[in-house]
**Q** 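Questions regarding the structure given below will be posed in turn.
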Amino acid sequence: MMTLNAMDQVLYEAQRQGRISFYMTSFGEEGIVGSAAAMDPNDPMFGQYRESGALLFRGFNLDQVMNQCFSNDLDKGKGRQMPVHYGSKQHRFHTISSPLATQLPQAAGAAYALKRSSITTTPNSNGKEDGQCVICYFGEGAASEGDFHSALNMAATLECPIIFFCRNNGYAISTPSVEQYKGDGVASRGIGYGIDTIRVDGNDVWAVYAATLKAREIVVTQNKPILIESMSYRVGHHSTSDDSSAYRPKKEVEDWNLHDNPLTRMRKWLTNQGWWNDEVQEITKKQIRADVLKAFGDAEARKKPSIPSMFEDVYDCLPQSLVEQKNEIMELVRKYPDYYRVHDFAKEQQ
Amino acid sequence: MLSINSITRTVLKRHVLSVSLPRLLPTALAGPLGQSRHYSSMYDFEAEPVRGANIGIKHTNLLNRSASGIRTNPELQQQGVSDNETKKMNYCQAINDALRIALGTDDSAVVFGEDVAFGGVFRCTVGLAEEFGRERVFNTPLTEQGIAGFGIGMAAEGHTAIAEIQFADYIFPAFDQIVNEASKYRYRSGGMYDCGGLTIRAPCSAVGHGALYHSQTPEAYFAHTPGIKVVMPRSPAQAKGLLLASIRDPNPTIFFEPKILYRSTLEQVPVDDYTLPLSKAEVLQAGKDITIVGYGSQIYVLESAIKMIERDMPGVSCELIDLRTILPWDVETVADSVNRTGRLVISHEAPKTQGFAAEVAAAITERCFLRLESPVERVCGVDSPFPLAHERFFVPDVVRCYEAIKRTLKY
C-alpha cells in the first residue's frame with residue numbers, strides 16, 4: 001500500500017512535469033490491496049484502470065510499472081498504450097483497455113472457460129485449472145454501461161466462477177454517484193440478477209480481505225458469481241487531465257483523507273498491534289521512495305521500442321497491406337532520420 | 001473514461017489541464033526527477049526536409065486572423081452576417097457559442113452527456129447548465145448506448161437532442177443505436193417518423209499522446225451508413241456554422257470535433273446566429289497542378305505539405321479542398337477540380353484500408369478517368385490500432401504528405 005502511494009506521488013509529479021504523458025493515482029483507494037491478497041495468485045484478473053494496487057500485490061514490480069509508464073523498449077506492452085494500461089500474462093492480469101465496462105462480460109467468459117477446463121478430461125497446456133476464480137474490477141460509473149448488465153446476467157445464468165468487484169469511489173470523473181444511479185448503489189443490482197452480494201467498507205483493508213476471501217470460497221465451491229461493492233472515496237483527481245476542484249469542494253476531499261483513509265487506518269491498526277511505529281514508518285517510507293526513484297530513473301533513460309515493432313501484433317503475422325506500409329515508413333525514416341528523431345527509438349532486434 | 005488532457009500546444013487555463021509543454025513545468029523535484037525530458041517532442045522541424053518552411057497551425061493562412069475573411073466569405077454573405085460583429089474564439093468556444101444559440105433559439109433543445117453539466121471534460125459546455133438550467137443541460141449516467149437511444153427518442157417526438165459522446169473512441173456502444181436505429185428511423189416508418197433532431201457531438205483524432213483509445217477518427221464506419229450525416233469541421237468559424245446547421249438539419253448527424261483544434265485554433269467568428277451548408281466542400285486554396293483533399297485537423301497538415309511543395313517545386317500550384325461533410329459528400333466540387341488538375345491526393349488520419357479516401361478515390365476514378373494523369377494517391381493512418389510511442393509514424397504527417405504529393409506530381 002505504501003509502495004502504491006509512493007509510486008503514485010512520483011508518477012503524478014512526473015506527469016505534471018511533462019515527463020510521462022498521463023497518469024491515474026489510487027489515492028484513497030489503496031484498500032484494493034485487500035482483495036488481491038484474498039485471491040489465489042493464479043486467478044485471472046480483469047481491471048478497469050485504477051487497480052495498480054492489485055497488480056503490485058501480485059508481484060508486478062516497480063521496474064515493470066515504470067517501463068510501461070515511459071513506454072520504453074522494456075515495456076511488455078511495447079509502448080503502445082497510455083500510462084497505467086498495464087497487463088501481465090505472468091501475473092495473470094489481462095491488459096487494461098480504456099473503454100469502460102468492456103472487461104465485465106469478457107471476465108464472465110473467462111470464468112466460464114475456467115469452469116470448463118476444470119471438467120475437461122484432457123488438461124490443457126497449463127495443466128488442470130481446478131477451483132479457480134476470476135476477479136473483475138470496475139467502478140460505479142462503469143456499472144451504468146450496458147456491458148455491466150450483460151455480464152452480471154450471463155455470469156448468473158451460466159453459473160460462472162467470478163467475483164465482480166465494484167470500486168464505488170463516489171465519482172465518475174465529475175459525475176457524483178447521486179447522479180449515476182437512484183437505487184441502493186450497485187449492490188442492489190446483484191440481487192436483481194440472482195447474484196449473492198456483499199457491500200464492504202473499502203477503506204478497511206481487512207474487511208475487503210475478509211469479504212473477498214469468503215466470496216472466493218463460495219465461488220469455487222458452488223460455481224456461481226458473487227458481487228462485492230467496496231465503498232471508498234477517490235481522493236485524487238480522476239486523472240492528470242482532470243481538476244476536481246471544478247466540481248467538488250476541497251474540504252470534502254480533505255475530510256475523507258483525514259478521517260477515513262485506508263493507509264492511515266492500516267497504520268493505526270499495525271501500531272495498535274505493536275508491530276509498527278513512527279520510526280519504522282519513516283525508514284520504510286524513505287526506502288520505498290528511493291526504490292521508486294531508482295526504477296523511475298532507469299526507465300526514463302531507456303529508448304522507445306524499435307520502430308518496426310509498431311507493425312507487430314495487429315495480426316499474428318503481417319498482412320500484405322502492413323508489409324507495404326511498413327516498407328514505405330521505414331524508407332521515409334531512413335531518408336529523414338533527424339526529422340523523425342529516430343534516435344529516440346531502440347534499434348531493431350535481429 | 002479517461003479524460004486526457006487534450007492538446008500539446010495550448011493555453012493553460014485553470015480548468016483546461018493541458019500541461020505537457022516543457023516551458024510550463026513546475027520547479028523540478030530533487031533526485032532523478034530533477035532532469036526534465038519531454039516525452040513527446042515528435043518531430044524535429046529544424047531538420048530536412050522541413051527546415052525553413054513555416055508550417056503548422058501557428059503559421060496557417062486558413063484561420064481568420066482579422067474579420068476580413070468573414071467580410072468576404074460568400075457563404076456568410078448569403079446569410080447576411082458577414083458585415084456584422086465578430087469575436088475571437090477558439091474551436092471550443094465556438095462550439096460553446098453554437099450550443100448557446102441552439103438552446104436560446106429552440107425551447108425544445110437539450111444538451112446532454114457524460115460530465116456535460118460542469119462544462120464537459122473539454123469545457124465545450126461550460127456555463128450552459130447555469131444559463132439554461134439543469135433540466136436542459138444535464139449529466140447522464142455513463143452509458144453511450146443509452147445516450148444515443150435517449151436522443152433518438154427525444155428527436156422522434158419532435159425535440160432537438162444534442163448529445164455528447166465524451167470521446168469518439170467511446171461511441172461504439174452506441175453503434176447499434178446509430179446504425180440500426182437513428183439511420184433507419186425515417187425509412188422503416190415510410191417517412192412517418194424521423195429522428196432528424198438528433199445531433200451527436202464527439203471529439204476525435206490525434207493529440208500527440210492519446211494512444212489506442214483517445215485518438216481514433218472513426219468517420220468511415222459511419223460514412224457506410226445511409227440515413228445519417230457525418231460532419232467534421234476544421235476551424236472555429238466553420239465549427240459554429242456547421243454545428244448549428246447539423247442541429248437544425250432534419251436528419252440525424254454525427255458531428256466530429258478534432259480535439260487538437262479546441263485550443264490550438266483561434267480566429268474571428270461572427271457573433272450572429274448562422275449556418276454553413278452541409279454536404280458542400282470548400283476550396284481553400286486554388287491551384288492548377290494537383291487536387292489535395294482532406295478534412296478536420298488534417299487540413300493544416302496538408303496546407304503545410306503544400307507550402308513545402310510550392311517551395312521545392314517552383315511554379316507548381318496545389319488546390320486544397322476541405323470536404324467538411326463526409327456523408328453525404330460533395331463529389332462535384334472534387335470532380336470539377338480533378339478535371340482541371342488531373343491529379344488527386346486524399347489524406348485522413350484513420351487507417352488506409354476501407355478509409356473514406358477509398359470512396360473518394362473510387363468516385364473520382366469513375367468520373368475523371370480520362371482526365372487523370374497519375375494514380376489517385378491516399379495518405380492515411382497505418383492499418384493498425386493507434387500506438388502511443390509510435391504516433392509520429394502512424395499519422396500521415398507533413399513529410400509523408402509532402403512525399404506523396406511530390407510522387408504524384410512527378411508520376
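A, B, ... follow the sequence lines: proteins, then strands. Residue 1 opens every chain. All heavy atoms count here, side chains included; hydrogens, waters and symmetry mates do not.
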**Q** Sorted by first residue and then second, give each salt bridge (charged side-chain N to carboxylate O under 4.0 Å, His left out) pair with at least one member in residues 206-216 of chain B; sequence neighbours left out.
**A**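 Matches after skipping sequence neighbours: none remain.
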
**Q** Quick one: which of B:A389, B:P173, B:A47, B:G119 has the most heavy-atom pairs under 4.5 Å with chain A, could you say?
**A**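 Greatest number of close heavy-atom pairs with chain A: B:A389.
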
**Q** Would B:R400 and B:E403 pass as an ion pair if we require N to O under 4.0 Å?
**A**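 Answer for the salt bridge query: no.
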
**Q** Give a yes/no verdict on a cation-pi contact between B:R123 and B:F118, requiring under 6.0 Å between NZ or CZ and the six-membered ring centre and an angle within 45° of the axis.
**A**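 Yes, B:R123 and B:F118 form such a contact.
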
**Q** Is chain A contacted by the side chain of B:S384, its backbone, both, or neither, given a heavy-atom distance below 4.5 Å?
**A**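 For B:S384, backbone and side chain are both near chain A.
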
**Q** Of the backbone (N, CA, C, O) and the side chain (C-beta and beyond), which part of A:F70 lies under 4.5 Å from a heavy atom of chain B, both, or neither?
**A**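 For A:F70, there is no contact with chain B at all, as no heavy atom is under 4.5 Å.
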
**Q** At a heavy-atom distance under 4.5 Å, which candidate from A:T175, A:D147, A:N72 has the highest pair count against chain B?
**A**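 The residue among A:T175, A:D147, A:N72 with the greatest pair count is A:T175.
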
**Q** Report yes if the distance between the aromatic ring centroids of B:F122 and B:F167 is under 6.0 Å, otherwise no.
**A**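 Yes: the rings meet the under 6.0 Å criterion.
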
**Q** Answer yes if the ring centres of B:F112 and B:F150 are under 6.0 angstrom apart, and no otherwise.
**A**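 Yes, they do, as the ring centres are separated by less than 6.0 Å.
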
**Q** Quick check on A:K335 against chain B: is it the side chain, the backbone, both or neither that has a heavy atom closer than 4.5 Å?
**A**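 The side chain, not the backbone.
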
**Q** With a 4.5 angstrom heavy-atom cut-off, is it the side chain or the backbone of B:R51 that approaches chain A, or both, or neither?
**A**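 No part of it gets close to chain A.
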
**Q** Between B:V50 and chain A, with a heavy-atom cut-off of 4.5 Å, which part of the residue counts as in contact: side chain, backbone, both or neither?
**A**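 Just its side chain gets close to chain A.
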
**Q** Between A:E328 and chain B, with a heavy-atom cut-off of 4.5 Å, which part of the residue counts as in contact: side chain, backbone, both or neither?
**A**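 The answer is the side chain of A:E328.
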
**Q** How about B:F172 and B:Y221: are their ring centroids closer than 6.0 Å?
**A**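 Centroid separation for B:F172 and B:Y221: below 6.0 Å.
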
**Q** Can you tell which part of B:V398 gets under 4.5 Å to a heavy atom of chain A, answering side chain, backbone, both or neither?
**A**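 The answer is both parts of B:V398.
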
**Q** Is chain B contacted by the side chain of A:Q81, its backbone, both, or neither, given a heavy-atom distance below 4.5 Å?
**A**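 A:Q81 touches chain B through backbone and side-chain heavy atoms alike.
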
**Q** Answer with yes or no after comparing the ring centroid distance for A:F345 and A:Y340 against a 6.0 Å cut-off, counting only values under it.
**A**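 Between A:F345 and A:Y340, the centre distance exceeds or equals 6.0 Å.
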
**Q** Kindly confirm or rule out a cation-pi arrangement of A:R234 over A:F27, judged by NZ or CZ under 6.0 Å from the six-membered ring centre and within 45° of its axis?
**A**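 No, A:R234 does not lie over the aromatic ring of A:F27.
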
**Q** Among residues two or more places apart or on two chains, list those pairs meeting salt bridge (charged side-chain N to carboxylate O under 4.0 Å, His left out) that have a residue in residues 172-189 of chain A.
**A**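 Listed by first then second residue: A:E179-B:R134, A:D184-A:R199.
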
**Q** May I ask you to name which of B:D383, B:T140, B:T143 has the most heavy-atom pairs under 4.5 Å with chain A?
**A**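 The option with the most such pairs is B:D383.
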
**Q** Measuring heavy-atom distances to chain B, does A:A290 have an atom under 4.5 Å in its side chain, in its backbone, in both, or in neither?
**A**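 Neither part.
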
**Q** Below 4.5 Å from any heavy atom of chain A, which atoms of B:F394 appear? Answer side chain, backbone, both or neither.
**A**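 Backbone plus side chain of B:F394, per the 4.5 Å heavy-atom cut-off to chain A.
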
**Q** If I measure from the heavy atoms of chain B, does A:S97 come under 4.5 Å with its side chain, its backbone, both, or neither?
**A**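 For A:S97, backbone and side chain are both near chain B.
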
